[in-house]
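One structure is given below, encoded as structure tokens.
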Amino acid sequence: MFPIRSNEPDYALLKDPACQSHNRYGQSIETVPAGHALRDQSLNINGDTSIGANPNRYKQHGFFFNADNCIACHACESACSEKNDVPAHLAFRSVGFVEGGTYPNYQRLNISMACNHCDDPVCLKGCPTRAYTKFAEYGAVLQDPDICFGCGYCTWVCPYNAPQLDPVKGEVSKCNMCVDRLEVGLKPACVAACLGQALDFGVIENIPQGNTQAKVEIPGFPRTDITHPNIRFQQTRVTQRDMVRVDSTALKYHRDDATGRFAPELDPKHGFKRQWNLKKLLGSHENAHIVFTLSVQAVMGAFLFLVLGGWLSVMPVVEYAASAVWLPTLGVMLALMSFGLFRLNMHLGKPQRFYRGFNNWRLSPVSREIAGVSLFFVGLAGFSFFNLFPGFPFAGWLKPVSAAAGLLGLGVGGYYMIKLYRIPARPFWNHWHTDAAFVGTAFSLGGLLLALLALVVGVLTPKLASLLAASVGFGLALEAVGLLAHARALKSAHSEGAASFYEQTTTYGYPYWLRNGLLGLSLLLALAVVVVGNALLFIPLTLTALTAAIIGRALFYVLVIPTTMPGAFFWRNRGFEEHARKTGLAAMPQVGVVMDSH
């Protein structure tokens, strides 16, 4: 740690002579009680074993932002980036703004935001590698990039866009509260650099000298109930009823005059023209997740059908298991699972560190999904092996044990595959249509997989065809009902979900309706197979259902809009980032955008 300078200005020094005992959420501001084992330990910053003398070392600290004073000079950004050696395409602290009104009654509200070191940090709970720790010292939520393997899940769950996934290094990093400065009695670098006294820092709920308010919300700041962030605001100037984002996100913030609170609403700034944008849709950064979820869910559905059908002595399934298609089916299922897992693993920033995904199974739905899917894969592999080698010692009881392990892994992995997407910070996903889509895909694609293999080998009997078509039809119907409910909910939503629905019906309007039409046609074809038992109908059914599934899953990933902070014209603006990559501006480091490489 660096010693404090003798001429350090007064405004850069920590000083909280008196503190409250609890914050407004009822949480104790004292992070650990006196005499606790976590007290009086060194943070070992740069190998320094000394302990800070701050009397409030074990109290929750946080930022204070005076929106009346911020002039958007970006000095806080520069100071943070310089101190932490942050590359140009990332920023632990960033300044965005919203604006409202028209000339001459025009208003602009600037917002400077970094990590809020929340009482309930969802990044810590979500991270599968346990790269996050909430320290007793200052209540700081710190993250270790060396432990991170670059899955980016913390960037999904954080409502404030605090964790930054570096596409170059393939790892996440974020604001560290400048704990090294706190240890020697200094405020964070961003606060010390603020020109207009808009930023301050200290024990949470303490109102800095010269200020009168300690709000938890201002226009553009996402909801606080998810994590209870440790930041307070002052904004005494009356704003317009509607404050608009200047980035490409189709949102504005509308004031409820009864409560004075601002809520996000749709701002159709791009018009209502339908477009295709197939390159953007199918060239998504999340294509690995599309491959993984569709392939694994298809195999899970097929496995469930075969194992339960065999245990319940369903005659078409028993005949399937006794036919020439049985072993090839198990081989294809293993190949699909392996391909899906490989694509997902190679999507990581550090794929060689994949084993760290098991580190946080006590808290992280990602770790639990990985554990469940891995157990399912082991069960499937064992079940396949003992079917291929029935004379193997103890195969008679190891085969049902493998099947049971596979079913257990299917249940756990399938549940947490859904659970990890039910994120409050991503309203488009946080709806039961996600459950319906994933379960429906298992039934529909799983049934299609078995039907196609049986058709190729020539063992697809009318009874088996009807049974598999019923599974496909059920899955398609379940997904369709979920999509209808989802669309109805989003149309009237006061959240980022309304903007997602807008993008769905405009930017990706034609693929959206193509998917819906193919889904309806697939449902009719499945019904026709059930009624007439014509196995050849599975050929067009596969084409329509698989195309609908791929388009639908691509829409699922590309349309999600998180509850994030407003950007500016050229910074934290998704539209500008796409423009920079398309035109080659991203080749210039000073633009702050890099080409997708992760």
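Numbers here simply count residues along the sequence, with the first being 1. Atoms considered below: every heavy atom in the structure, side chains included; atoms not considered: hydrogens, waters and symmetry mates.
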I'd like to know whether Leu308 forms a side-chain contact (heavy atoms from CB on, under 4.5 Å) with Leu407, so could you lay out the CA-CA distance, the side-chain angles of the two residues, the decisive distance to 0.1 Å, and finally the verdict. CA-CA 9 Å; Leu308 291 187; Leu407 290 177; 4.2 Å; yes

Among Leu518, Leu294, Leu555, the one residue meeting side-chain contact (heavy atoms from CB on, under 4.5 Å) with Ile550: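 With Ile550 as partner, Leu518, Leu294, Leu555 yield a single side-chain contact (heavy atoms from CB on, under 4.5 Å), made by Leu294.
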
Given Val122, Val157, Val560, the one that forms side-chain contact (heavy atoms from CB on, under 4.5 Å) with Ile423: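 Looking at Val122, Val157, Val560, the match for Ile423 under the side-chain contact (heavy atoms from CB on, under 4.5 Å) is Val157.
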
Side-chain donor/acceptor of [X] to backbone N/O of [Y], under 3.5 Å:
X	Y	value
Asn387	Leu327	no
Ser500	Leu559	yes
Trp361	Glu369	no
Asn287	Leu282	yes
Thr434	Asn430	no
Ser295	Phe292	yes
Arg356	Ile147	yes
Ser522	Ala545	yes
Gln143	Pro163	no
His431	Gly497	no

Parallel, tilted or perpendicular, as decided by the 30° and 60° cut-offs, for the rings of Phe428 and Phe556: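 Phe556 and Phe428: tilted rings.
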
Below 30° counts as parallel, above 60° as perpendicular, anything between as tilted: where do the rings of Trp156 and His289 land?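 Rings of Trp156 and His289: tilted, as their planes differ by 30° to 60°.
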
Between [Y] and [X], do the side chains contain a donor N or O and an acceptor N or O under 3.5 Å apart?
X	Y	answer
His228	Asp120	no
Asn360	Ser367	no
Tyr557	Tyr421	yes
Arg553	Thr441	yes
Tyr320	Thr329	yes
Arg245	Tyr253	yes

Less than 4.0 Å between a side-chain N and a carboxylate O, is that true for Glu578 and Lys280?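 Yes.
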
Please confirm whether [X] and [Y] have ring centers closer than 6.0 angstrom.
X	Y	result
Phe262	Phe221	no
Phe392	Phe385	yes
Phe376	Phe303	yes

Can you name the closest pair of heavy atoms from [X] and [Y] and give their distance?
X	Y	result
Ala499	Leu266	CA-CD1, 4.0 Å
Lys169	Lys350	O-CE, 4.4 Å
Ala485	Trp432	CB-CZ2, 3.3 Å
Pro316	Lys463	CG-CB, 4.1 Å
Leu519	Glu479	CD1-OE1, 4.3 Å
Asp247	Lys269	O-NZ, 2.9 Å

Hey, is [atom1] on [X] packed in by over 12 heavy atoms from elsewhere, all under 6.0 Å?
X	atom1	result
Arg422	CZ	yes
Trp311	CH2	yes
Arg130	CZ	no

Report the distance from atom [atom1] of [X] to atom [atom2] of [Y], rounding to the nearest 0.5 Å.
X	Y	atom1	atom2	result
Thr461	Met315	OG1	CE	11.0 Å
Gln275	Lys273	CD	NZ	6.5 Å
Thr129	Asn359	OG1	CG	6.5 Å
Trp397	Phe394	CH2	CZ	7.0 Å
Tyr510	Leu278	OH	CG	12.0 Å
Arg353	Phe149	CZ	CZ	12.0 Å

Does [X] reach the side chain of [Y], with side-chain heavy atoms less than 4.5 Å apart?
X	Y	result
Cys127	Ser364	no
Pro400	Phe383	no
Ile370	Phe358	yes
Met243	Lys252	no
Pro167	His89	yes
Met565	Arg572	no
Ile561	Thr249	yes
Leu380	Met333	yes

List the steps, then state whether ring-ring contact (aromatic ring centres under 6.0 Å, His included) holds for His347 with His285. CA-CA 9 Å; His347 177 70; His285 176 64; 5.2 Å; yes

Could you go through the side-chain hydrogen bond (donor to acceptor under 3.5 Å, both in side chains) check for Glu503 and Thr507 one step at a time? CA-CA 5 Å; Glu503 296 288 348; Thr507 306; 2.4 Å; yes

